[in-house]
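Because the structure is a prediction, the values reported are computed rather than measured. Counting from 1, the numbers follow the sequence of the chain as shown.
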Amino acid sequence: MTAEILFASLQLSAPELILAVGALVLLMVGVYSSERAAPVVTGLSVAVLIVAGLWLVLNTGDGEAYAGAFLSDPFAKFMKILALIGSITVMIMTIGQAKAAQIDRFEFPVLLLLATLGMLLMISANDLISLYLSLELQSLALYVVAAINRDSVRSTEAGLKYFVLGALSSGMLLYGMSLVYGFTGHTGFDEIAAALTAEGRSLGLVFGLVFILAGLAFKISAVPFHMWTPDVYEGAPTPVTAFFAAAPKVAAMSIFVRIVIEAFEPVVADWQQIVVFISIASMLLGAFAAIGQRNIKRLMAYSSIGHMGYALVGLAAGSMAGVRGVILYMLIYMVMTLGTFACILAMRRKDGEHVEGIDDLAGLSQTNPFMATVLTILMFSLAGIPPLAGFFAKYFVFVAAIEAQLYGLAIIGVLASVVGAYYYLRVIKVMWFDEAKGEFARTASELRLVYGLSGLFVLGYVLIGGPLGNAAEAAARTFF
């Protein structure tokens, strides 16, 4: 590798380098500072993420780096900006909540930075080896973050479950990669696609494809690899759960799209069957399993499983319209989820106790009308009620499925949406029609800002959907 090629590679991966260097520097800042370093490190972490995001927005260079293992293209840039926005928002929400959630340690923002670094590398991965390394970098940080509150049995249990099941999924992913390498002789996505076009598929390669998709399905909480999600969402500290529900899902869905559309495009008939199956299973389980939930974090876990199923409807189409639908779905889902978790973080009694029961929202319309109104808008949007953003998210993926003649998938998706609307409407009913049980403490300004902006986005999507749709189409055109 010549000096010019190395310099070009470093320039293309500058956002990742900013995060890596920033995380190491902030680790040293935390180690050599007093015990009260956490707020300073959190603030500096937000600054590092913003700098990385600005570099992505202002630098227009595209191309391959590090001998094709790393790829910078419009799709990668769009999804990276989305992941960075998710990470920045969660860190801002954490600033005033860290002490109450018992995560006020400087290691927390550093681990989030490292997890975000893994996400950005994963989104740009163009090789099975770089995919695995980036995924593990993200996962190792998330395992620790899930169990960061060592004094909580629930948090420790959540971290242990996530670690054990994550290790299982990593093993499946690695086994699938070894099979694909064995039957194609390549690890690069472009080379795998070329080998499949020239030689055709074999049974061993299909097995490898199944294992790879199983490992990635775990990362997006798709059925049947969803079992960790409700327990981890409930057990982990709420700021951690908010992070789990947003940015990592965007990164995992991005690599899911890239690997099937780019590397396995010649065997579309094989992976399409797998994606259709996990999509239907996720939508149905997400719709029916959430009905009996009483804890709002568990409700959001099943909601997340269902929404990943809806996003996969677009991917199953295998078309540009389908990928565009997935991109827009992940954007809208992330905004709705972050707004909802900002409301959940605001569920704190005046004595400082955080509550998570849906029944604890009783009478919120009388005690905090603004929060009740925003949460109502977000619940309607999650249910897919027009003309809110959630309706358009589902509309785009269902239209893509219909254009691809996947009529059964689209019909099941619509029916699952109807069932899922029940548990979102129940939350609204509790807030507006039940008697108030007590009043929440005054909401922190950063939480009000996050859920206020989320509600505004969801409500005003019909006005800004055009430019976002064009940006998503430009990103989707990368593959076609």
Side-chain angles (χ1 to χ4, degrees), residues 10-30 33 37-61 72 74 76-98 103-104 106-124 134 137-138 141-142 145 239-240 242-251 254 330-331 334-335 337-339 341-342 345 444-454 456-457 464 467-468 471 475:
L10 292 172
Q11 195 168 15
L12 283 173
S13 61
E16 287 78 5
L17 291 171
I18 290 166
L19 291 189
V21 173
L24 294 175
V25 169
L26 290 177
L27 184 62
M28 292 299 101
V29 170
S33 298
V40 176
V41 175
T42 303
L44 291 172
S45 299
V46 172
V48 169
L49 290 169
I50 290 171
V51 170
L54 287 173
W55 182 283
L56 274 170
V57 172
L58 299 174
N59 194 342
T60 55
S72 177
K77 284 185 176 176
F78 189 98
M79 301 310 274
K80 281 181 184 180
I81 290 166
L82 211 54
L84 285 169
I85 290 170
S87 297
I88 291 166
T89 306
V90 170
M91 282 212 197
I92 289 170
M93 288 197 298
T94 305
I95 289 170
Q97 306 297 312
I103 55 170
D104 53 335
F106 75 86
E107 294 95 333
F108 180 69
V110 173
L111 286 165
L112 292 196
L113 268 185
L114 290 170
T116 308
L117 169 62
M119 289 174 221
L120 299 198
L121 289 169
M122 189 159 67
I123 292 168
S124 279
S134 56
L137 173 60
Q138 175 204 305
L142 293 181
V145 165
V240 174
F243 186 72
F244 273 40
K249 293 283 171 67
V250 171
S254 301
M330 295 312 294
L331 163 64
M334 192 184 79
V335 173
T337 302
L338 288 171
F341 272 100
L345 276 165
S445 54
E446 63 269 14
L447 297 180
R448 271 206 309 276
L449 177 68
V450 170
Y451 66 63
L453 289 175
S454 297
L456 202 60
F457 175 89
I464 58 169
L468 289 174

Query raised in the report: Taking all atoms of both residues into account, what is the closest heavy-atom pair of A23 and L114, and its distance?
Result: CB-CD2, 3.7 Å
Please tabulate, for the side chains in residues 39-49, all donor-acceptor contacts under 3.5 angstrom to protein atoms that are two or more places apart in sequence or on a different chain.
residue: T42; atom: OG1; partner: A38; partner atom: O; Å: 2.8
residue: S45; atom: OG; partner: V41; partner atom: O; Å: 2.7

Query - Non-hydrogen atoms of S454 and L338 that approach each other most closely - result: OG-C, 4.4 Å
Query raised in the report: Can you name the closest pair of heavy atoms from P109 and M91 and give their distance?
Result: O-CE, 3.5 Å
Report task. Taking all heavy atoms of S134 and all of L121, pick out the closest pair and write down the distance. Result -> CB-CB, 3.5 Å
Report summary line: Interatomic distance, OG1@T116 vs CD@Q138, rounded to 0.5 Å, equals 8.5 Å
Report task. Start with the C-alpha gap between E446 and V450, add the side-chain angles, then the distance that decides, and say whether side chain to side chain contact (heavy atoms under 4.5 Å, CB included) holds. Result -> CA-CA 6 Å; E446 63 269 14; V450 170; 5.6 Å; no
Report task. Take L112 and F243 through the test side chain to side chain contact (heavy atoms under 4.5 Å, CB included) and record every step on the way to the result. Result -> CA-CA 9 Å; L112 292 196; F243 186 72; 3.7 Å; yes
Report task. Applying side-chain contact (heavy atoms from CB on, under 4.5 Å) between I92 and each of I88, T94, T89, report the one that passes. Result -> I88
Query raised in the report: Is there a donor-acceptor pair closer than 3.5 Å between any side-chain N or O of K80 and the backbone N or O of A52?
Result: no
Query raised in the report: Which atom names give the shortest non-hydrogen contact between I123 and A83, and what distance separates them?
Result: CD1-CB, 4.3 Å
Query raised in the report: Atom CZ in F78, atom CG in L82: separation rounded to 0.5 Å?
Result: 6.0 Å
Report task. Report the C-alpha separation of F108 and V240 in whole Å, then their side-chain angles, then the decisive distance to 0.1 Å, and conclude whether the side chain to side chain contact (heavy atoms under 4.5 Å, CB included) test is met. Result -> CA-CA 9 Å; F108 180 69; V240 174; 3.5 Å; yes
Query raised in the report: What's the spacing between L12 CG and S124 OG if we round to 0.5 Å?
Result: 9.0 Å
Query raised in the report: If you measure from CH2 on W55 to CD on Q11, what distance do you get to the nearest 0.5 Å?
Result: 6.0 Å
Query raised in the report: Among all residues two or more places apart in sequence or in another chain, which pass the salt bridge (charged side-chain N to carboxylate O under 4.0 Å, His left out) test with K249?
Result: none
Query - Spatial distance of atom CG (L142) from atom CE (M119) [nearest 0.5 Å] - result: 5.5 Å
Query - Check: V335 and I85 side chains under 4.5 Å, non-hydrogen atoms - result: no
Report summary line: Value for CG (L331) from CD1 (I81), rounded to nearest 0.5 Å, stands at 11.0 Å
Query raised in the report: Do L468 and F457 come within less than 4.5 Å of each other through their side chains, counting heavy atoms only?
Result: yes
